[in-house]
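Structure, as structure tokens:
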Amino acid sequence: MNKTRTMLLAGLLLSAMATQAREASIASPNGNLVVTINDDGGRPTYTVALDGQQMLQPSALGFKADFGDFTQGLRITNTKASQTDKCYEMRQVKHSHMHYVATLLTVDFENQKQQKMSMEFSVSDNDVAFRYCIPRQKGDNPKSAVILSEATAFSLPEGTTTFLTPQSNPMIGWERTKPSYEEEYKADAPMAQRSQYGQGYTFPCLFRVQGLELRDGSSANKSKVSQHSTLNAQPSSWLLISETGVSSAYCGSHLSDYKSAEAPSGAVGGASGYYQIAYPMAGENNGIGSTTPGIALPGETPWRTITVGQTLKPIVETTIQYDVVEPLYEPSQDYASGRYTWSWLIWQDNSINYDDQVRFIDLASAMGFELCLVDNWWDQNIGRERMAELSRYAQSKGVSLMLWYNSNGFENDAPQTPRNCMSTGMARDREMAWLKSIGVKGIKVDFFGGDKQETMKLYEDILYDANRYGLQCIFHGCTLPRGWERMYPNYVSSEAVLASENVFFGEGAADRQPFDLCMHPFCRNASATMDWGGIIMNRYLSKDNKSRHQRKTTDIFEMASGITMQAAIQCVAMQPNNLQELPQFEMDWLRAMPTTWDETRFIDGYPGKYVVLARRHGQDWYVAGLNAQQQPLQLTLDLPMFGKKQELKYYVDDSKTGQPVLTTLKTDKNGRAKVTMQPRGGIIIQKH
């Protein structure tokens, strides 16, 4: 690292200009990513540039609080630059050993009433994180504040396309359970297209910025175009916007619909509008709780994060969600990872009885899986006494149980029980003590009410209480986790996606599944762990595996999705009949499939079209690919993790029959290999 150059770029660059505007800049450790903050006209803005290409045009900053306006009449009064270089360990995300190197900048602002606030920026080579810091004001008051709104905006160059999922209206849909964060993604859509509900978009938000001319007249990204596929032939850059560090101390946010505006001064490429930070809707959480967050002072907002890249590699591999947050409590024990069976996906509510759950426990035991999830209505259909008996049986087979719960409370009308067991501290204390006494290892809590601070507090309270009893937590019908894997050590994953149950519910979702699973590594799963809810091995979505609609993906696609999807406790939605139906090599692979990773590398892909990832578990590399398209896809893959002229295991779909086969693949003298992924098929590559 050139420390002198870095500090020159990142340090105090306050300059008095003709208009008396002041400006501060911060650059990444390698100098290629530059954020510039300006107070021109009393309205704070920032820009983001990567290798000279402006990724974000001048975009508004600031907020309005109940005690003051920090969106106008502001001036920069001081800056302070520093650096961070830290390492930390994680057990359940893309890498086990994290190394975060970033340049830091604090920018102090003052408004016309001499009220103060600061902004903290943390900039690594491909990531920007920033947040607002609010001190107590003159006279040591106020000591608390309500943040009424944020001006925080993201103004992207004209021609940018979007990969977004809409924020739902509140208290609509089945049993008034929306927003459940299970809406559909659209790929390469125009920015000006209105969202489905007119409520904006759920984080994370992915954008493709078309190649722009740089100041020297050259074209951005010329050397960065994928050598593997014509899908990436047009120069473009990528940008992922999200947030992290949301706890009970704030609400969750999302992006507004695109707002048209005149191109701001200094814009390059004709920006014509922007997205803005939006707070929860009044109707969320059944109308209970404020839409605006209250914070103690001095205090901070969550971090807004921006990941940029001239390829998709930084998007897929980013760890910014964890780099800028810290654990909020110590784990009560060493939590384990693993795989679980789940009867409900295909056998549905009728399977929540003692005898059927024994069959899925036996299935987990036969496959060497660690866990079995017992879904809704268990308290009524099996009963608590027999659940204790069922847990003892599972443990005798080397399997532990996870149990489903309804988060309600009052959030919506979802009828499934157990209800009212997770909504208060007293109820949780009784329930979790009982769970620990019978040997249950985790809970799946469903049907949350939105993004209000009230709901964020419920997530945090469940997690904290569960940790006291050695329980891991999976959330469904829920919002995006925002740094929670690091903040809460017993947190596992969240749904927050149109998940596998929909493949069962209708053929339309089955048709969409390949697209969805080729989308999530670039957005939803790039930002946080994801409980998709099942590597589906039945050919038909039925108990007899002969009726209802068919799965549209190949077996190898499903198996490979167990690698491309990120979750430390992964559902393998096998059915008891699969023990007799699947080829032995598929069974062997599923038995050995890891769910935690020491390293993750992006190899190739395009959102919604295809993806190829490499993940390392210990010394073993797994390369997995998915093809969502309806035609074969030929790729030449760089596989340096395997070496040159190596013979490898190759799980692939036969080009003529579509049936899964286990064969071999050789890398050439440059460590490359040519592969073909069949329509809605996949590949897995491993060492012998």
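None of these values were measured; they are calculated from a predicted model.
Of the possible polar contacts, one joining the D66 side chain to the V146 backbone as a donor-acceptor pair under 3.5 Å is found. Checking side-chain atoms of T162 against main-chain N and O of A189 turns up a donor-acceptor pair under 3.5 Å. Counting only distance, with no hydrogens or angles, the side chain of N126 and the backbone of P314 share no donor-acceptor pair below 3.5 Å.
Remark: E110 engages K116 in a salt bridge, criterion side-chain N to carboxylate O under 4.0 Å. A salt bridge links E184 with R512; the closest basic N to acidic carboxylate O contact falls under 4.0 Å. Using a 4.0 Å cut-off between charged nitrogen and carboxylate oxygen, K86 and E326 count as a salt-bridge pair. K94 has no carboxylate O lying under 4.0 Å from a charged side-chain N of E599, or vice versa, which leaves the two without a salt bridge. Look at R91 and E89 and you find no salt bridge, because none of the NZ, NE, NH1 or NH2 atoms lies under 4.0 Å from a carboxylate O.
L239 has its side chain within reach of V308: a pair of non-hydrogen atoms, C-beta onward, lies under 4.5 Å apart. Between I474 and S494 the shortest side-chain heavy-atom distance does not fall below 4.5 Å. Side-chain contact check for I134 versus E300: every heavy-atom pair is 4.5 Å or farther apart. Looking at L328 and Y488, their side chains come closer than 4.5 Å, going by heavy atoms from C-beta outward. Contact of the K444 side chain with the H476 side chain is registered, since non-hydrogen atoms from C-beta on lie closer than 4.5 Å.
Between F130 and F154, the ring planes are tilted. Angles from 30° to 60° get that label. In this pair, Y279 and Y250 present their aromatic rings perpendicular. The plane angle is above 60°, beyond the 30 to 60° band. The aromatic rings of W484 and Y459 lie tilted to each other, with the angle between the two planes from 30° to 60°.
Ring-centre distance between Y88 and H99: not below the 6.0 Å cut-off. Taking the centre of each ring, F522 and F163 stay at or above the 6.0 Å mark.
With D127 as reference, T318 is the one residue of T319, T305, T318 to meet the side-chain hydrogen bond (donor to acceptor under 3.5 Å, both in side chains) rule. Of the candidates F121, F70, F63, Y132 forms a ring-ring contact (aromatic ring centres under 6.0 Å, His included) with just one, namely F63.
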- Query: Can E23 and N38 be said to form a side chain to side chain donor-acceptor pair (under 3.5 Å), step by step?
  - Reply: CA-CA 4 Å; E23 185 176 279; N38 193 292; 3.3 Å; yes
- Item | Derivation of the side chain to side chain donor-acceptor pair (under 3.5 Å) call for Y197 and Q167 | CA-CA 7 Å; Y197 301 94; Q167 183 82 0; over 6 Å; no
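Counted by atom type alone, R482 and T479 present one or more donor-acceptor pairs between their side chains at under 3.5 Å.
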